[in-house]
Protein chains: 2
Amino acid sequence: MATRLLLVKADGSVLVHSDGGSYKPLNWMSPPCTLVEGDGTWTVTNKAGEQLIVTIEQVEHDSAHELGVDPGLVKDGVEAHLQKLLAEQIHTLGDGYRLVRREFPTAIGPVDIMCRDAAGGAVAVEIKRRGEIDGVEQLTRYLELLNRDPLLAPVRGVFAAQEIKPQARTLAEDRGITCVVLDYEALRGVDDPSQRLF
Amino acid sequence: MATRLLLVKADGSVLVHSDGGSYKPLNWMSPPCTLVEGDGTWTVTNKAGEQLIVTIEQVEHDSAHELGVDPGLVKDGVEAHLQKLLAEQIHTLGDGYRLVRREFPTAIGPVDIMCRDAAGGAVAVEIKRRGEIDGVEQLTRYLELLNRDPLLAPVRGVFAAQEIKPQARTLAEDRGITCVVLDYEALRGVDDPSQRLF
DNA sequence: TTGTTGATTTCGCAA
DNA sequence: TTGCGAAGTCAACAA
């Protein structure tokens, strides 16, 4: 038994907040779920039959407010933006680079950017906001597959991110993958539509 | 401008909740951070200098409560439990299996369980609650390393999880890794202390 | 409906 | 302090 903040949101979710844990509640139930009040308890049940049971001994405060849905939040600088900007400025990777296409399809998922270097060699680019080992593994899988295609092989790999963790860099370089740290501000700054030819 | 729930927790975090997004706030700032009130705005700044700026036009309700820290929440069935139970009942993997040790150390991190099969061959086990591609990659890295050790090689891999995603299973089996679906209830059921010899 | 990917993950442990 | 692994992710998009 402890003092807690109970929060029922309009989407049906029920949150039990303690005073720690940053934005994460101590416990919760995600929508869709049903809330049954009775005998000092809330019983919250989701579709899978899982239950969150709250015993209420005393109410310090209780109020309800309509929040509405509204525009909400606009994000900037997510991976999709990095991908778009880098595709437009593929020369960031080196002189003579040419874009083949974004979201280049393969059997195991799309490669973020496929391009060719000055010598005409195929280059697969994996883009992350934060470059960690997962991303290197993902690019490695793509490279293994792409290099089986005689029309493409040999395909080099480039791992591009705003920040690359040391361990990810080590793994990438061990595998012959080039690491590139992207400067989002610089990419965005150069992305002036009036300076673009097409 | 919209009606929002502003929540300042004792750990310093500031949460802006809308009526959607389940347990996640529309926007937030994680501790440690500082909150400066002034002129209808809250300016929340973290250590890295990032800012969350909230403009307040009207207050519908305002209250403060001491929540305390308390025991909180006890979890059951996390990976550590699966690992302990499987180590105690290593025969789940097959007759004649013997435990070498849990958290078997390697240069790139500990292998969850190292054991030997009936024929005496080394087996590295990676345990997950939910088996996804990441886990297969992790086990693959361990196997590559372990198989360079002439005292251990050849080392087989077993990928054990309560639930294994099809893509993870395919990747694992392509690499000769055995997939095992763990039944937590069954493992726990057998783990009756009164039935244990030590 | 199902699967896959990205995200301001947070938290705990150990080196 | 830093790095790494685990977690009840959630939401958007595509097949």
Side-chain angles (χ1 to χ4, degrees), chain A residues 9 11 13-16 20-33 44 46-48 50-52 72-73 75-83 103 105-112 126-135 138 141 161-163 165-171, chain B residues 9 11 13-16 20-31 33 44 46-52 72-73 75-83 103 105-112 126-135 137-139 141-142 161-163 165-170:
Chain A
K9 296 175 72 162
D11 63 0
S13 41
V14 177
L15 288 59
V16 181
S22 190
Y23 75 75
K24 212 170 179 181
L26 178 65
N27 210 335
W28 75 93
M29 187 64 79
S30 301
C33 59
V44 189
N46 71 4
K47 217 165 39 180
E50 296 165 336
Q51 293 191 316
L52 170 65
L73 192 66
K75 295 188 183 186
D76 182 31
V78 296
E79 182 187 303
H81 301 158
L82 287 175
Q83 188 193 110
E103 301 288 348
T106 77
I108 56 173
V111 176
D112 287 341
E126 176 66 32
I127 300 174
K128 293 286 175 195
R129 252 181 16 92
R130 294 172 54 183
E132 303 184 15
I133 280 188
D134 287 3
Q138 193 178 344
R141 287 197 298 276
Q162 281 187 274
E163 174 198 352
K165 293 288 181 75
Q167 213 179 4
R169 177 181 290 273
T170 303
L171 182 65
Chain B
K9 296 175 74 161
D11 63 0
S13 40
V14 177
L15 287 59
V16 181
S22 189
Y23 75 74
K24 211 170 179 182
L26 178 66
N27 210 334
W28 74 93
M29 186 64 77
S30 300
C33 58
V44 188
N46 70 4
K47 217 165 39 181
E50 296 164 339
Q51 291 190 318
L52 170 65
L73 191 66
K75 295 188 182 185
D76 183 29
V78 297
E79 181 186 303
H81 301 159
L82 287 174
Q83 188 193 112
E103 303 287 349
T106 77
I108 55 173
V111 176
D112 286 342
E126 177 65 34
I127 299 173
K128 293 287 176 196
R129 249 177 21 88
R130 295 172 53 182
E132 302 184 14
I133 280 188
D134 287 4
E137 298 289 9
Q138 194 179 342
L139 179 53
R141 288 197 297 275
Y142 290 142
Q162 282 188 273
E163 173 198 354
K165 293 287 181 75
Q167 210 179 7
R169 178 181 290 274
T170 302

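Order of the sequence lines fixes the chain letters, A, B, ..., with proteins taken first and strands second; residue numbering starts at 1 for each chain.
Atom CG in A:D134 sits roughly 14 Å away from atom C1' in D:dA7 (whole-Å rounding). Rounded to an integer number of Å, the gap from NZ of A:K9 to C1' of D:dC10 is 11 Å. Note: OH (A:Y23) to C1' (D:dA7) measures 11 Å, nearest angstrom. Between the NZ atom of A:K47 and the C1' atom of D:dC10 there is a distance of 14 Å, given to the nearest Å.
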Where do N or O atoms of nucleotides 11-15 of chain D meet protein N or O atoms at under 3.5 Å, pair by pair?
from: D:dA11; atom 1: OP1; to: B:G21; atom 2: N; distance (Å): 3.4

Protein-nucleotides 4-8 of chain C N/O pairs under 3.5 Å:
from: C:dT4; atom 1: OP1; to: B:Q167; atom 2: OE1; distance (Å): 2.7
from: C:dT4; atom 1: O5'; to: B:Q167; atom 2: OE1; distance (Å): 3.4
from: C:dG6; atom 1: OP1; to: A:E79; atom 2: OE2; distance (Å): 3.1
from: C:dG6; atom 1: OP1; to: A:K128; atom 2: NZ; distance (Å): 3.4
from: C:dG6; atom 1: OP2; to: A:K128; atom 2: NZ; distance (Å): 2.7
from: C:dA7; atom 1: OP1; to: A:E79; atom 2: N; distance (Å): 2.7
from: C:dT8; atom 1: OP1; to: A:K75; atom 2: NZ; distance (Å): 2.3
from: C:dT8; atom 1: O2; to: B:W28; atom 2: NE1; distance (Å): 3.3
from: C:dT8; atom 1: N3; to: B:W28; atom 2: O; distance (Å): 3.3
from: C:dT8; atom 1: O4; to: B:N27; atom 2: OD1; distance (Å): 2.0
from: C:dT8; atom 1: O4; to: B:W28; atom 2: N; distance (Å): 3.0
from: C:dT8; atom 1: O4; to: B:W28; atom 2: O; distance (Å): 3.4

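Closest of all the heavy-atom pairs between B:N46 and B:C33 is CA-CB, 3.8 Å. Residues B:V111 and B:Y142 come closest through the heavy atom pair CG2-CG, 3.8 Å. The two atoms that bring A:L15 and A:K9 nearest to each other are CD1-CD, 3.9 Å, heavy atoms only. For A:R130 against A:A161, the heavy-atom pair with the smallest separation is C-CB, 4.3 Å.
Checked against side chain to side chain donor-acceptor pair (under 3.5 Å), B:K24 has no partners two or more places apart in sequence or in another chain. Under the rule for a salt bridge (charged side-chain N to carboxylate O under 4.0 Å, His left out), the partners of B:K165 that lie at least two apart in sequence or sit in another chain are B:E132. By the side chain to side chain donor-acceptor pair (under 3.5 Å) test, B:D11 is found to be paired with B:S13, residues two or more places apart in sequence or in another chain being considered. Applying the side chain to side chain donor-acceptor pair (under 3.5 Å) test to B:R141 and every residue at least two apart in sequence or in another chain returns A:E137.
Across C:dT4 and C:dT8, the matching P atoms stand 22 Å from one another, rounded to whole Å. With P as the reference atom, C:dA7 and D:dA7 are 22 Å apart, rounded to whole Å.
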